[in-house]
Amino acid sequence: MDNSRMKSDQYPRLRRMRRNATLRDMLDENRLFASEFIYPMFVTTGAGVRTPIEPMPGIDQISVDLAVEEAQLALDAGVKSVILFGLPDEKDATGSRSSSPDEAVQRAVSEIKKSSPETYVITDVCLCEYTDHGHCGIINGNDVDNDATLPLLAETAVSHAEAGADMVAPSAMMDGQVAAIRAGLNDSGHADVPVMGYSAKYASAFYGPFRIAADSAPQFGDRRTYQMAHSKGREAMREIEADLYEGADIIMVKPALAYLDVIKEASMRFDTPVAAYNVSGEYSMVAAAGQAGWLDRERAMMEVLTSIKRAGADLIITYSAIEAARIISRG
Ligand code: PBG
């Protein structure tokens with residue numbers, strides 16, 4: 001006896017639209033483009049230096065000369081934008097090397113722009129790679145001093161713009177950092193350089209591999225007095241509103257994978273472009289499981305990137321950029 005409530009010709013037949021590959025392809029709702037990827041690079045001093053980052057197979061710390069080659073490689077694959085992180089030789093309490101024109105990042109910016117003007121060069125603006133205590137600003141007592149850090153971030157951003165950076169991206173999570181940087185850029189003749197705010201940046205275990213890559217782990221405490229708690233969704237909207245009020249041109253949600261709801265909400269609520277950072281730990285998880293033979297790394301990588309796009313990201317910062325771009329063009 002047929003005990004279903006609907007007859008077989010009455011219920012929706014969704015499988016009808018999945019019957020062959022061409023049809024499935026025709027009906028794709030979200031497709032990835034290499035032009036929406038931003039490829040992060042860790043730039044160090046010296047020449048001919050390539051130091052593999054153990055938890056991030058395929059990603060290395062590279063000296064300026066190799067960063068130029070890598071940017072070209074990215075461009076050849078269709079990835080036109082890079083974001084640079086710098087590793088200084090020396091660190092101090094105020095991260096003073098961060099605004100030096102001789103540092104790896106500043107030199108990489110000008111060398112990349114020289115050899116490949118088409119590459120859009122973004123710089124990460126933060127002090128954590130440059131401070132000996134590993135925090136994102138200068139320390140007063142047991143905590144980061146918000147307002148004392150702002151001029152240092154502005155100086156750093158200006159030094160990047162002076163080197164030729166196309167865009168700067170402050171990631172320190174200090175209140176007022178976008179406004180301070182915007183003012184610094186405007187006052188130094190760089191009113192055309194946009195600011196991409198790491199607006200909703202969470203205190204996340206998924207930054208673990210990055211901190212090995214960038215040698216930027218805090219030497220005491222953690223970042224929870226400035227980065228957001230992962231339990232919070234609505235506060236992310238306030239962080240984004242603050243960045244927009246201060247003049248951010250692009251807003252960002254970071255990490256991406258565990259925060260797809262936040263990306264979705266931000267993309268529905270704000271008409272500014274939304275970037276999402278597919279962070280180091282997200283990359284490492286897929287790489288490690290792939291290496292163990294536990295999943296198909298390429299497919300998992302593309303699924304992750306597509307889910308970030310589906311959530312509403314206009315731009316995706318990802319260590320998988322070059323590989324994913326090659327997969328996209330291979331079709
Ligand atoms: C610097 C910064 C971090 C990341 C980007 N910029 C680390 C942190 O906040 O500890 C993380 C990126 C990644 O994990 O891929 N403040």
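In each ligand, atom 1 is the first atom listed, and ligand 1 is the first ligand listed.
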**Asked** Hey, which atoms in ligand 1 end up nearer than 4.0 Å to a heavy atom of Y277?
**Response** 12 (C), 15 (O)

**Prompt:** Against heavy atoms of Y319, which atoms of ligand 1 measure under 4.0 Å?
**Reply:** 12 (C), 13 (C), 15 (O)

So, 4.0 Å and heavy atoms of [X]: is ligand 1 close enough to count as a contact?
| X | result |
| --- | --- |
| Y283 | no |
| K254 | yes |
| S216 | no |
| Q227 | yes |

**Prompt:** How does C126 reach ligand 1, if at all, at less than 4.0 Å between non-hydrogen atoms: by side chain, backbone, both, or neither?
**Reply:**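 Within the 4.0 Å criterion, C126 contacts ligand 1 through side-chain atoms alone.
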
**Item:** C128, portion touching ligand 1 at heavy-atom distance under 4.0 Å
**Value:** side chain

**Message:** Counting only heavy atoms, tell me which of K201, R211, M252 gets closest to atom 2 (C) of ligand 1.
**Reply:** K201

**Test of ring centre spacing under 6.0 Å for F220 and H135** =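 Yes, ring centres under 6.0 Å apart.
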
Check ion pair [X]-[Y] (N to O, under 4.0 angstrom):
| X | Y | answer |
| --- | --- | --- |
| D9 | K7 | no |
| R326 | E298 | no |
| R97 | D89 | no |
| R297 | E323 | yes |

**Item:** ligand 1 N/O within reach of E129 N/O, cut-off under 3.5 Å
**Value:**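 Such a contact does not occur with ligand 1.
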
**Item:** Criterion side-chain hydrogen bond (donor to acceptor under 3.5 Å, both in side chains) on Y39 and E70, from CA distance to verdict
**Value:** CA-CA 10 Å; Y39 181 61; E70 193 93 348; 2.9 Å; yes

**Asked** Should the pair F85 and F210 be assigned to parallel (<30°), tilted (30 to 60°) or perpendicular (>60°) ring geometry?
**Response** perpendicular

